[in-house]
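Single-structure report; data block below.
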Amino acid sequence: MGRYKASGVDLAVGQLVELTGRFTLYAAKGRMNFDVFSIELAGEGRLRAQVAALARKLEAEGLMDPARKLPIPQFPLTIGIVTSPRGDAVHDMLRTLRNRFPVARVILAGAQAAASIVEGMRCMYRAGVEVMLVGRGGGSYEDMMPFNDEALARAIAACPIPVVTGIGHEPDTFIADMVADRRASTPTYAAMAVTPTRESLAELFCAHARSLSMSAGRAVERAAAEVRRCVERPVLRDPNLLLAAPMQGVDLASERLFRAIPANLERDRATLDRQRERLSRLLPEGVARERAALERCRERLLPA
């Protein structure tokens with residue numbers, strides 16, 4: 001019983017297990033026993049145990065913390081799909097995206113193995129998608145093991161673009177679902193998770209139209225009130241008030257001009273009188289000197 005508890009395996013009917021031990025024979029009663037040394041899950045049971053251990057490890061590192069998960073954009077115009085290019089899953093996602101949000105551009109990267117899914121995610125990032133869908137259709141648990149890959153889980157957790165998983169294998173939840181920004185139960189629901197419905201779009205447009213109409217109405221009311229305030233201003237009701245200050249300035253300038261002109265004329269008249277007086281004194285003397293000089297020149301020129 002102690003070895004069973006130490007194994008950490010909870011046995012259930014129908015499980016496939018691997019046992020190690022030795023056979024012993026009790027000859028007296030012809031009975032054979034098997035002494036179990038260790039017990040491990042086999043097949044799908046072993047896989048589930050490995051996945052559970054990896055999930056606990058990644059959870060301890062915080063990769064499944066809801067606080068680190070990115071919000072899904074409300075209206076993504078570029079959507080990336082990373083899935084197998086064959087099968088129903090890709091067609092279901094494309095049909096859902098086309099019916100619900102046909103304006104979005106869809107970029108597809110075909111991938112099946114974990115490494116190819118990681119590479120497909122890198123291609124989506126380089127293509128500039130706004131949100132990424134990762135998924136596939138149904139299958140056995142072993143077929144879904146790529147979505148329990150540690151490298152893929154870390155790539156999803158580190159992706160700067162929101163990742164939505166849609167792995168059609170209910171009721172199982174894979175590690176890729178746990179670290180994704182949102183988990184959908186099927187590829188179709190994953191496509192629905194990143195697109196709005198036509199009804200929600202119509203409701204949103206109506207709400208914006210009402211908001212725009214109310215904003216425009218308030219703007220018109222404010223403008224009308226401003227116009228009324230301007231009309232009620234005295235300066236606009238009586239044009240003379242608008243010209244009163246300039247007209248007063250003109251009157252003051254005219255008055256100063258009328259006072260200045262006579263004074264300037266009087267000064268100019270006095271100056272002119274002084275110049276006339278000086279000329280009346282200087283002119284006869286200058287004429288006499290010129291006449292004497294002229295007589296001397298004549299005497300010199302005429303013969304004695």
Side-chain angles (χ1 to χ4, degrees), residues 67-68 70-80 101-105 107 124-131 159-162 194-196 198 200-304:
R68 55 148 292 276
L70 302 175
I72 307 302
Q74 188 176 11
F75 303 110
L77 297 179
T78 307
I79 302 173
F101 203 49
V103 298
R105 183 168 67 102
I107 302 176
M124 293 296 103
Y125 176 74
R126 290 193 291 267
V129 301
E130 299 175 47
V131 66
C159 185
I161 300 171
V194 301
T195 53
R198 294 178 183 269
S200 64
L201 282 175
E203 183 178 352
L204 178 66
F205 291 154
C206 289
H208 283 299
R210 290 192 297 269
S211 177
L212 183 61
S213 177
M214 293 175 61
S215 299
R218 288 193 294 268
V220 170
E221 290 177 1
R222 289 194 297 269
E226 184 65 24
V227 170
R228 287 193 295 271
R229 284 194 296 270
C230 292
V231 170
E232 293 172 358
R233 291 177 181 176
V235 70
L236 294 179
R237 299 179 66 181
D238 185 0
N240 292 326
L241 294 177
L242 183 63
L243 301 176
M247 290 176 64
Q248 185 177 6
V250 171
D251 292 340
L252 292 175
S254 177
E255 183 179 353
R256 292 176 61 189
L257 184 61
F258 283 129
R259 288 199 306 268
I261 289 177
N264 290 338
L265 291 176
E266 187 63 29
R267 287 195 300 271
D268 293 340
R269 183 178 294 107
T271 302
L272 182 61
D273 291 340
R274 287 194 298 271
Q275 295 296 333
R276 182 183 297 111
E277 183 180 353
R278 290 180 61 190
L279 286 175
S280 62
R281 290 197 308 268
L282 296 176
L283 187 59
E285 296 177 359
V287 170
R289 285 196 301 271
E290 293 298 331
R291 182 179 290 109
L294 182 60
E295 288 297 333
R296 286 193 297 270
C297 291
R298 179 183 298 157
E299 291 175 357
R300 292 174 59 188
L301 293 174
L302 293 176

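Just so you know, residue 1 is the first one in the sequence shown, and it goes up from there. Keep in mind that this is a model prediction, so the values were computed, not measured.
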Applying side chain to side chain contact (heavy atoms under 4.5 Å, CB included) to Val194 and Phe75, what does each step give before you reach the verdict? CA-CA 8 Å; Val194 301; Phe75 303 110; over 6 Å; no

Can you give me the closest heavy-atom contact between [X] and [Y], atom names plus distance?
X	Y	value
Pro76	Phe101	O-CE2, 3.2 Å
Ala127	Arg105	O-NH2, 4.4 Å
Pro162	Pro73	CG-CD, 4.0 Å

Sequence neighbours excluded, which residues qualify as side-chain contact (heavy atoms from CB on, under 4.5 Å) partners of Tyr125? Pro160, Ile161

To the closest 0.5 Å, what do you measure between CD (Glu130) and CD1 (Ile79)? 8.0 Å

Could you state the interatomic distance from CZ (Arg274) to OG1 (Thr271), rounded to the nearest 0.5 Å? 4.0 Å

For Arg256, is the CZ atom crowded, meaning more than 12 foreign heavy atoms sit under 6.0 Å from it? no

Table please: side-chain donor-acceptor pairs of residues 210-230 below 3.5 Å, with sequence neighbours left out.
residue: Ser215; atom: OG; partner: Ser211; partner atom: O; Å: 2.9
residue: Ser215; atom: OG; partner: Arg218; partner atom: NH2; Å: 3.4
residue: Glu226; atom: OE1; partner: Arg229; partner atom: NE; Å: 3.4
residue: Glu226; atom: OE1; partner: Arg229; partner atom: NH2; Å: 2.3

